Amino acid sequence: MINLAYDREHIWHPYSCIPPPNAPLPVAATEGRHIILEDGRRLVDGMSSWWAAIHGYNHPELVLAVARQLKTMPHIMFGGLTHEPAVDLAEKLVTLSPVPLKKVFFADSGSVAVEVALKIALQYWMARRKPQKHIFLTVRNGYHGDTFGAMSVTDPDNGMHSLFAGVLPKHYFAPAPHMGFDLKLDEPADDIAALAAFLDHHHDEIAAIILEPIVQGAGGMRFYRPAYVRQLRAIADDYNVLLIFDEIATGFGRTGKLFACEWAGISPDIMTVGKALTGGMMTLAATLTTEEVAYTLCNNPPRALMHGPTFMANPTACAAANASIELLLKSAWQDRIQHIEAHLQEQLMPLSDHPGVADVRVLGAIGVIELERDDLAPRLQDMAVREGAWLRPFGRLFYTMPAFNIEDDELATLTGAMITAVKQVVRP
Ligand SMILES: *Cc1c(COP(=O)(O)O)cnc(C)c1O
């Protein structure tokens, strides 16, 4: 039996205190799209362990790949040494990502991949003898991670900047893009114009624009139009700043394209991936960049990208990532995403008329119910668990991003639980 009393007294859980206000559920095992609790209850997983487990849990091909790697070489330092899992994975990432992205840095978590992206941009401008270009421009409602650099470009309100004021570097925040993947706006749209205005005034000191293309994840689960992303590329070029896309949540198919920036048909100068990279098996992330950025950085003092985590390119994590990408590419993932999208749309959209529901939106394998109130998450979660689904709402957002290979009856359990929970719990 899991010693819950010990957990309660000694262990931090995400964004929580000790003891936590709501006890975590004890998990005994996972299986396919199911989480098996210690008391034997089976929950259909609607979270993919935060966007990561895109093939469900314990997938035999991923388990085998990891087991094989554990036998030959679980880990080896990456300084002065290299190995096949890393080289294979780099080749896959370079092949699959937008064409100009050719150089790969392996990081150990998404936040670190973002730190590396920011560092690359800073070092790039130092190399070009423009060290004054050291500020980042981003949009509100973004989320880029919990380390200090990543936090400094995360939404100032959601990201609790006031808590760390004085420690966090100050960057520029343009208004968030208007919501709506299908939104049609007259040109020039005011959201992109607001961002361009920042560049017009401050491009001399701006190193890069960083944002999550198409889907803003943890900062509000907001979807926005590809045209915005396209115009962003043009503006970044006009004002001579780098463009960083954080695809840590969106990468590997979640929105219906392998990478969300493909909706816009453009590519960034720097891109981060993580979360689904290993199919949720273990922690790994990567920062990709162009020849031009890497070349500039490497041909000027200090002639090195100044980063190198202890567990960089962990072979077991790379082996998991290689297996996960192979599995994804040989699956009919695009059909799967479309199928999930259609189901989420059909089942969740009618809730838009429910009192207390502010908005319902679906894109790819992401379904979001936005509520008017922000204090219902714990009750919604409890109700979903009672209905056999694992969902983890936060604030005003009740959402799901299931595994791509979820079965129809499992998907029905998820949306059924969401509908029941909203009907039971949500009042204006
Ligand atoms: C989750 C996330 C991160 C941070 O990744 P961690 O692995 O949690 O450090 C960064 N950016 C985006 C868009 C994310 O969704």
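Atoms within a ligand are numbered from 1 in the order they appear, just like the ligands themselves. Predicted, not measured: the structure shown is a model, and the values here were computed from it.
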Handout entry: NZ/NE/NH1/NH2 to OD/OE distance under 4.0 Å, E291 and K103
Key =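 Yes, this pair counts.
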Practice task
Would you mind checking if D269 and R233 are paired as a salt bridge, meaning a charged N to carboxylate O distance below 4.0 Å?
Solution key: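 Yes, this pair counts.
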Practice task
Flag E212 as yes when one of its N or O atoms lies below 3.5 Å from any N or O atom of ligand 1, and as no otherwise.
Solution key: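 Checking ligand 1 against E212, no N or O pair falls under 3.5 Å apart.
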Exercise for the section: Looking only at distances, please establish whether an N/O atom of ligand 1 is found under 3.5 Å from an N/O atom of G110. Expected result: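 For ligand 1, there is an N or O atom that lies under 3.5 Å from one belonging to G110.
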Exercise for the section: Examine Y399 together with F394 and report whether their ring centres are nearer than 6.0 Å. Expected result: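 Y399 vs F394: aromatic centres under 6.0 Å.
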Practice task
Would you confirm whether the ring centroid of F173 sits within less than 6.0 angstrom of the ring centroid of H161?
Solution key: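 Ring centroids of H161 and F173 are less than 6.0 Å from each other.
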Handout entry: Taking every non-hydrogen atom, the tightest pair across P402 and T400
Key =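 Here P402 and T400 meet closest at CD-OG1, 3.6 Å.
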Exercise for the section: Answer side chain, backbone, both or neither: which part of W50 comes under 4.0 Å from ligand 1, heavy atoms only. Expected result: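 For W50, there is no contact with ligand 1 at all, from either part.
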Practice task
Select the closest option to atom 4 (C) of ligand 1 among S111, A52, S109, judged by heavy-atom distance.
Solution key: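 Selected option, by shortest heavy-atom distance: S111.
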Practice task
List the closest protein heavy-atom neighbour of atom 12 (C) of ligand 1: residue, atom name, distance to the nearest 0.1 Å.
Solution key: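 Checking every protein heavy atom, the shortest distance to atom 12 (C) of ligand 1 gives D246 OD2, 3.4 Å.
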Problem - For atom 2 (C) of ligand 1, the protein heavy atom that lies nearest, with its residue and separation - result: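 In this structure, atom 2 (C) of ligand 1 has K275 NZ, 2.5 Å as its nearest protein heavy atom.
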Handout entry: Euclidean distance, D191 CG relative to H178 NE2, rounded to 0.5 Å
Key =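 If we round to the nearest 0.5 Å, H178:NE2 and D191:CG are 4.0 Å apart.
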Exercise for the section: Would you mind running through ligand 1 and noting each atom that sits below 4.0 Å from a heavy atom of H144? Expected result: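 Near H144, meaning under 4.0 Å from one of its heavy atoms, ligand 1 has 10 (C), 11 (N).
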